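Take a look at the structure set out below.
Values in this document were obtained by computation on a predicted structure and should not be read as measured data.
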Amino acid sequence: MSKFFSRVRHAPAEGSAPAVARSESLAKDEGLKAGPPTYAESGDSQVGHLEAARNAKRQIGVVSAVFLIVNRVIGTGIFATPGTILALSGSVGLSLFIWVAGMLIAGAGTAVYLEFGTAIPKNGGEKNYLEFVFRKPRFLTTCMYTGYVVLLGWASGNSIIFGEYILHAANVEPTRWNQRGIGLACITSAFLIHGCALKWGIRLQNLLGTIKVGIILVIVVAGWVALAGHIKLPEDQKPHNFTKAFEGTTGSAYGVVTALYNVIWSYIGYSNANYALSETKNPVRTLKVAAPLAIGVISILYMFVNIAYFAAVPKEDILAARRLVAASLFRNVFGGTAERALSVFVALSAFGNVLSVIFSQGRLVQELGREGALPFSRLWASNKPFNAPLAGLFEHWAVSVIIMLAPPPGDAYNFILNVISYPLAIVNTAVAAGLVHLYLNRKAWKWDPPISASLPVVVFFMLSNIYLVVAPFVPPEEGQNVYENLPYWIHCVVGMAIIALGAVYWLVWAVIMPKLGGYELDRETVVDDLDGWERQVFVKRPIIKAD
């Protein structure tokens with residue numbers, strides 16, 4: 001056994017070509033099933049079996065990868081945030097510039113994640129990339145990222161908007177509980193579909209992705225109709241938002257950065273395909289095609305949609321409508337019936353986003369469970385009983401429900417948006433900084449991925465996210481606070497606390513408990529005998545004291 005331990009003690013770092021090893025007694029210690037023997041001990045038939053099992057799990061092609069990104073990015077942000085962005089920026093012109101800035105940041109982020117994804121093509125996304133670069137103190141990065149994944153309810157914001165638009169379509173006044181009750185039904189349905197019928201969940205995602213792109217195109221056409229002067233408003237009420245585009249511009253740093261958060265919220269998801277690369281056919285080629293295609297098309301459509309809003313809806317009405325600005329556009333161009341129909345389609349768009357979010361986040365929780373980083377790891381790692389990460393999906397469902405129900409009614413959506421976007425800016429800063437480090441030490445790290453984002457793009461992405469981390473602490477001017485009852489800094493403190501809790505978990509799990517238990521934590525690379533996936537798992541190695 002000592003010979004075995006010495007062979008795997010220096011297991012290769014995440015992202016490098018792993019050596020595959022397994023010990024039955026070691027697996028028993030970890031509460032996991034004993035996996036296959038090493039490649040050296042197995043024959044070609046075992047390798048062939050594992051390769052076949054691995055390929056059988058690869059169900060995501062270019063089209064599905066594109067829709068994974070499209071469904072994650074196009075949720076409700078483009079329908080729900082333009083009014084808030086206009087209020088924070090003060091003018092039509094500045095709000096459009098903020099959308100352009102957000103587009104550039106999203107494009108740079110896509111390039112960064114494209115480089116990492118093609119270099120380390122396996123499930124896990126930025127977790128893999130952070131672990132690859134930031135290796136000391138050992139396992140601290142994993143634990144901090146674990147807090148970020150496990151404690152953020154990404155699907156909650158769009159679940160709330162689903163409820164708001166459904167109630168608007170039914171001409172029912174939204175209250176705290178009817179809106180959130182419908183949102184609860186939305187996220188629960190998404191959880192059950194992906195947890196019990198994986199293939200149908202992916203098919204439904206693709207269908208809703210097609211529908212939401214169709215909605216966007218209809219809005220763009222409606223904008224062209226409005227620009228031609230064909231809107232159902234009296235002449236004296238027609239919008240003239242482009243004649244004095246910068247009138248009312250504010251110079252508030254808090255307003256601009258909070259508006260930028262809203263834009264970034266609308267672009268969240270450009271890395272979504274990276275979370276499922278172990279389930280992707282020809283992952284490097286698929287990602288190289290799907291990510292730029294999806295984000296490029298979305299960026300163009302977003303700019304056309306904003307132009308459509310300003311062409312069809314007066315500035316005052318946009319500010320009053322806030323999250324229902326898309327409905328106002330349809331009312332002004334096509335009439336009241338079309339307004340209610342659009343509200344249903346926007347709700348479907350939100351549902352598609354919730355499906356996409358819970359799909360990827362459930363897999364992140366599963367990946368953490370598969371490597372033993374969570375309490376009750378066997379539970380979170382399981383694909384039983386429907387060959388889907390039901391337990392991982394449930395964890396994200398539970399956290400999302402708590403975050404959805406906890407904030408005060410008026411502040412719920414803005415708080416959820418900001419408390420998710422703020423930690424993401426911290427993670428993106430670390431990912432970009434890690435890539436800069438790799439660029440500056442290419443030979444030492446042997447860093448030569450299929451695609452290079454380029455140093456200027458990576459530095460731009462890093463500096464943009466540093467600004468997003470620092471600027472929200474600048475106090476807002478009068479009337480600029482996006483919250484009605486909460487302090488302006490609340491999302492910053494909560495976001496930092498979530499990541500800090502991961503560090504506390506590391507201190508207990510990786511430092512204090514091993515000292516008290518007389519063991520040390522280590523990692524080894526194993527191959528799952530069911531699906532052929534390679535992964536790294538934590539193991540406890542007894543510390544043998546010398547006589």
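For the pair Ile219 and Phe330, the minimum side-chain heavy-atom distance is below 4.5 Å. Looking only at side-chain heavy atoms (C-beta outward), Pro423 and Leu152 come within less than 4.5 Å of each other. Within the 4.5 Å cutoff, the side chain of Val537 has heavy atoms near those of the Glu524 side chain. A 4.5 Å side-chain heavy-atom check between Val431 and Leu130 finds at least one atom pair inside the cut-off. For the pair Phe134 and Leu140, the minimum side-chain heavy-atom distance is 4.5 Å or more. At least one side-chain heavy atom of Pro137 sits less than 4.5 Å from a side-chain heavy atom of Trp506. Side-chain contact between Ile451 and Lys288 is present, with at least one heavy-atom pair separated by less than 4.5 Å. No side-chain heavy atom of Phe67 sits under 4.5 Å from any side-chain heavy atom of Leu208.
The pair Glu131-Arg135 fails the salt-bridge criterion, with no side-chain N (NZ, NE, NH1 or NH2) lying under 4.0 Å from an Asp/Glu carboxylate O. A salt bridge links Asp522 to Arg138: one of the charged nitrogens lies within less than 4.0 Å of a carboxylate oxygen. Using a 4.0 Å cut-off between charged nitrogen and carboxylate oxygen, Arg180 and Glu164 do not count as a salt-bridge pair.
Remark: the backbone N or O of Leu348 is not paired with any side-chain donor or acceptor of Lys212 at under 3.5 angstrom. A distance-only check finds a donor-acceptor pair linking the side chain of Asn272 to the backbone of Leu68 [under 3.5 Å]. Remark: side-chain polar atoms of Glu395 are not paired, donor with acceptor, to backbone N or O of Trp380 under 3.5 angstrom. Checked by atom type and distance alone, the side chain of Asn262 pairs as donor or acceptor with a backbone atom of Thr258 at under 3.5 Å. In this structure a side-chain-to-backbone donor-acceptor pair under 3.5 Å is missing from His396 to Val150.
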Apply side-chain contact (heavy atoms from CB on, under 4.5 Å) to Trp99 and Ser266, showing your working.
CA-CA 10 Å; Trp99 276 97; Ser266 302; 3.6 Å; yes
How far apart are the C-alpha atoms of Val297 and Val70, what are their side-chain angles, what is the distance that settles it, and do they pass the side-chain contact (heavy atoms from CB on, under 4.5 Å) test?
CA-CA 9 Å; Val297 171; Val70 168; over 6 Å; no
For Tyr261 and His491, what are the C-alpha separation, side-chain angles and deciding distance, and is it a side chain to side chain donor-acceptor pair (under 3.5 Å)?
CA-CA 12 Å; Tyr261 271 130; His491 59 275; 5.6 Å; no
Tell me, with the steps shown, if Phe132 and Phe116 meet ring-ring contact (aromatic ring centres under 6.0 Å, His included).
CA-CA 10 Å; Phe132 181 82; Phe116 266 127; 7.4 Å; no
Does the pair Glu126 and Asn428 meet the rule for a side-chain contact (heavy atoms from CB on, under 4.5 Å), with working shown?
CA-CA 9 Å; Glu126 59 262 22; Asn428 282 340; over 6 Å; no
Between Thr280 and Thr286, does a side chain to side chain donor-acceptor pair (under 3.5 Å) hold up when you go through it step by step?
CA-CA 8 Å; Thr280 301; Thr286 298; over 6 Å; no
Do Leu167 and Glu173 pass the side-chain contact (heavy atoms from CB on, under 4.5 Å) test, and can you show the C-alpha distance, the side-chain angles, and the key distance before you say yes or no?
CA-CA 7 Å; Leu167 291 170; Glu173 182 69 25; over 6 Å; no
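Taken from CD in Gln366 to CG in Leu379, the straight-line distance is 11.0 Å, to the nearest 0.5 Å. Taking CG of Leu368 as the reference point, atom OG of Ser377 lies at 8.5 Å (rounded to 0.5 Å). Atoms CG and CG, from Asn158 and Leu355 in turn, are 11.0 Å apart once rounded to the nearest 0.5 Å. The distance from atom CD1 of Ile490 to atom OH of Tyr422, rounded to the nearest 0.5 Å, is 12.5 Å. Rounding to the nearest 0.5 angstrom, the gap separating the OG atom in Ser189 from the CG atom in Leu204 is 10.0 Å. From Leu192, atom CG reaches atom CD1 of Ile187 across 11.0 Å, with rounding to the nearest 0.5 Å.
The heavy-atom pair separating Ala373 from Thr142 by the smallest distance is CB-CG2, 4.2 Å. Nearest heavy-atom pair, Leu260 versus Gly102, reported as atom, atom and distance to 0.1 Å: CD1-N, 3.8 Å. The two residues Val354 and Ala155 come nearest to each other via the heavy atoms CG2-O, 3.9 Å. Pairing each heavy atom of His168 with each of Arg340, the nearest pair is O-CG, 4.4 Å. The minimum heavy-atom distance linking Tyr505 with Cys143 is given by the pair CD2-SG, 4.0 Å. The two residues Ala290 and Ala65 make their nearest non-hydrogen contact at CB-CB, 3.7 Å.
Separation of the Tyr148 and Tyr145 ring centroids falls under the 6.0 Å cut-off. Checked against a 6.0 Å centroid threshold, the rings of Tyr165 and Phe79 do not count as neighbours.
Every residue meeting the ring pair (Phe, Tyr, Trp, His ring centres under 6.0 Å) condition with Tyr267, not counting sequence neighbours, appears here in chain and number order: Tyr302. For Leu287, the side chain to side chain contact (heavy atoms under 4.5 Å, CB included) test picks out Leu114, Thr118, Ala273, Asn274, Leu277, Ala291, with sequence neighbours left out.
Under a cut-off of 6.0 angstrom, the local environment of CH2 in Trp200 is sparse, with at most 12 non-hydrogen atoms contributed by other residues, nucleotides or ligands. Counting heavy atoms of neighbouring residues, nucleotides and ligands inside a 6.0 Å radius, atom CZ of Arg203 exceeds 12 of them. For Met496, the CE atom counts as densely surrounded, since its 6.0 Å shell holds more than 12 non-hydrogen atoms of other residues, nucleotides or ligands.
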